[in-house]
Amino acid sequence: MSSLDAQEKILTTFLSAGFQLHPEALSHLLTNLNLNEVAEKLIKNLNTMQEKPIVLTKDIVETILNEQFKPTITIQESSSSFEPLAKKVEPRIEVLEKEKPKYSTKGTIEDFIKYFNNRYEKIKKILLEHTNLRDASTISGLKALQNSTPVKIIGLISNIRTTAKGNKLLEIEDQTGKITVLISNDSEEAQEKAKHVILDEVIGIEGTVARNGELLIAKDIIWPDTPVKKEQTKAEDPICIGLLSDLHVGSKMFLKKEFERFLKWLNTGFGNPKQKELASRIKYLIIAGDLVDGVGVYPDQEKELEISDIHQQYIEVAKLLEQIPDYIEIIITPGNHDAIRIAEPQPPLPRDIAAPLFELDNVHMLGNPARVNIHGFKTLIYHGRSLDDITSAISGLSLSQPELAMVELLKRRHLAPIYGERALIAPEAEDLLVIDEIPDIFQAAHAHTVGLTNYRGVITVNSGAWQSQTAYQKTQGLTPTPARLPIVDLQSLKTTILRFGA
Ligand code: FE
Ligand code: ZN
């Protein structure tokens with residue numbers, strides 16, 4: 001079919017449905033390969049509108065194709081003036097790290113011992129808040145007890161085995177000793193919970209002494225968990241926060257067109273009234289790592305790079321971010337593709353490599369993880385390398401629902417519980433990956449899939465990506481959901497996902 005035939009056909013399709021296509025909209029539509037399908041989708045959407053437009057402009061077509069809202073909202077042209085509400089609101093950002101991390105470990109054996117002691121102490125403190133663990137014994141103390149004595153302990157899981165009969169055996173340590181824990185066959189609850197235990201996490205065990213203190217038969221496993229929030233933080237100002245990550249600028253798969261559409265939306269509020277209102281209320285943006293694709297991050301990366309120089313990659317990021325209106329504050333934290341040490345906690349991006357970003361007045365450079373109070377909201381930002389580890393350690397979890405994996409981190413009160421897998425941990429004297437304080441908003445990234453949930457009052461968001469599927473992801477069977485922006489309304493606590501791509 002010639003392109004003229006295609007034009008004829010599409011014009012007729014719309015006309016017979018009662019819509020005229022503006023020439024610009026027509027040429028926009030003709031760029032679609034699956035034209036018939038797109039036309040069908042459009043007409044279906046248009047027919048559900050209360051006020052149907054007669055002439056379809058390019059903006060209307062674009063908005064419908066990219067929108068996520070219920071189609072009952074009338075699409076309007078947004079040629080009217082755009083006066084953002086957020087412009088009138090003073091920003092309030094406070095970095096919560098009491099003491100800036102020193103990032104100074106040398107990684108000696110002593111450093112590791114100190115690190116794990118600190119992890120144990122911090123999580124033990126949280127576990128001791130559980131009334132049923134308050135009288136927990138030390139592991140060495142069990143030796144003096146008679147068989148069948150009921151006890152509770154708090155320890156770190158150093159080994160997990162399954163017996164020939166299918167029973168789980170855990171090796172648990174505290175500072176006084178080590179004990180083997182057998183999950184009781186009588187307790188279905190304990191059996192079920194045991195499926196979720198992972199290496200190196202600190203847990204509480206309730207059980208009875210056996211074999212003269214050599215064994216503990218567990219009837220319950222207790223995680224530190226996150227208590228239900230009594231009161232939700234809310235902002236008085238009508239502002240929103242937009243969560244992004246994993247731009248991977250420099251990659252051939254970086255979705256530049258979609259990102260530019262996002263920039264256009266921020267600057268002009270294009271879209272339907274609801275979308276325009278959201279644009280007008282964005283006061284903060286967080287970019288949780290992987291700003292660039294990096295160089296030499298994985299084998300054969302050169303083949304997938306559009307920009308092969310790391311400095312150039314950051315220059316390109318800055319060129320994009322400088323188009324964000326300056327009344328919007330941008331928080332940037334690094335990820336595993338960024339040019340900084342990969343072991344967590346990661347320091348903020350260094351000045352020499354990310355110089356053009358430091359020139360932007362509305363940019364705040366923080367480490368990974370970062371704890372920051374944004375307009376009264378305690379926000380925990382973590383790139384999320386450990387999501388790889390936790391999704392492979394616990395059956396039923398996957399990167400396609402990263403928010404569920406994030407909930408597992410909240411239950412464990414630790415951002416990277418498993419040691420020595422893909423998430424590299426630097427043994428700093430203080431374990432900064434412990435979730436001491438419960439955040440209002442918990443953002444992670446890295447999964448390249450958008451995910452949203454509310455866990456016991458914690459708004460839990462995975463911010464997806466702005467990169468389409470890579471060859472590697474294809475081999476892993478991972479289908480990203482890129483070019484979507486999760487937005488948290490700080491006034492109503494409502495969350496929305498805006499789509500800027502297909
Ligand atoms: Fe990434
Ligand atoms: Zn990543």
Side-chain angles (χ1 to χ4, degrees), residues 243-256 258-259 262 285-301 304-307 310 313-314 316-317 320-321 331-349 354 366-370 380-392 397-403 405-406 409 415-416 418 421-426 433 442-451 461-486 501:
L243 307 174
L244 302 87
S245 59
D246 299 270
L247 274 52
H248 290 266
V249 171
S251 157
K252 284 180 182 162
M253 274 70 74
F254 167 54
L255 295 169
K256 191 167 186 197
E258 287 77 358
F259 199 82
F262 156 70
L285 293 172
I286 302 176
I287 311 178
D290 287 0
L291 279 83
V292 298
D293 204 50
V295 172
V297 179
Y298 58 89
D300 279 339
Q301 191 184 10
E304 300 199 305
L305 285 182
E306 179 96 49
I307 306 169
I310 188 77
Q313 291 182 358
Y314 282 105
E316 188 61 29
V317 174
L320 293 164
L321 300 190
I331 290 164
I332 293 178
T333 58
N336 57 305
H337 280 254
D338 286 297
I340 186 74
R341 89 166 185 195
I342 206 173
E344 299 166 7
Q346 291 181 283
L349 283 170
L366 303 178
N368 168 44
L380 174 61
I381 309 161
Y382 174 56
H383 179 65
R385 192 80 212 260
S386 74
L387 296 178
D388 288 335
D389 298 328
I390 199 142
T391 50
S392 36
L397 288 181
S398 87
L399 288 178
S400 60
Q401 281 181 300
E403 71 281 14
M406 290 170 69
L409 300 179
L415 293 171
I418 307 168
E421 295 291 326
R422 274 163 289 183
L424 295 177
I425 297 173
L433 299 162
F442 175 30
Q443 176 187 11
H446 187 67
H448 290 222
T449 329
V450 166
V461 186
N462 195 292
S463 45
W466 294 80
Q467 182 192 36
S468 59
Q469 193 183 44
T470 64
Y472 175 74
Q473 288 166 343
K474 204 164 187 177
T475 66
Q476 301 292 303
L478 194 114
T479 312
T481 56
R484 284 161 216 212
L485 178 76

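The residues of the chain are indexed from 1 along the displayed sequence. Both counts, for ligands and for their atoms, begin at 1 and track the order of listing.
Note that CD of Q443 and OG of S245 are 6.0 Å apart. Values are rounded to the nearest 0.5 Å. Rounding to the nearest 0.5 angstrom, the gap separating the CD atom in E304 from the OG atom in S251 is 6.5 Å. Atoms CD and OG1, from Q469 and T475 in turn, are 9.0 Å apart once rounded to the nearest 0.5 Å. Here L485 contributes atom CG and F262 contributes atom CZ; the two are 5.5 Å apart, rounded to the nearest 0.5 Å.
Two residues are said to be in side-chain contact when any heavy atoms from C-beta on lie closer than 4.5 Å; T470 and L478 fail this criterion.
Crowding of K252 atom NZ: a count of heavy atoms from other residues, nucleotides or ligands under 6.0 Å exceeding 12. By the 6.0 Å contact criterion, OH on Y298 is enclosed, its count of non-hydrogen atoms from other residues, nucleotides or ligands being greater than 12.
At a cut-off of 2.8 Å, measuring from the Zn ion (ligand 2), the protein N, O or S atoms that fall short of it are D290 OD2, N336 OD1, H383 NE2, H446 ND1, waters left aside. Near the Fe ion (ligand 1), less than 2.8 Å away, sit the protein N, O or S atoms D246 OD1, H248 NE2, D290 OD2, H448 NE2.
Taking D338 as the reference, Y314 meet the side-chain hydrogen bond (donor to acceptor under 3.5 Å, both in side chains) condition, with sequence neighbours excluded. In this structure, the side-chain contact (heavy atoms from CB on, under 4.5 Å) partners of Q401, at least two apart in sequence or on a different chain, are E403, L404.
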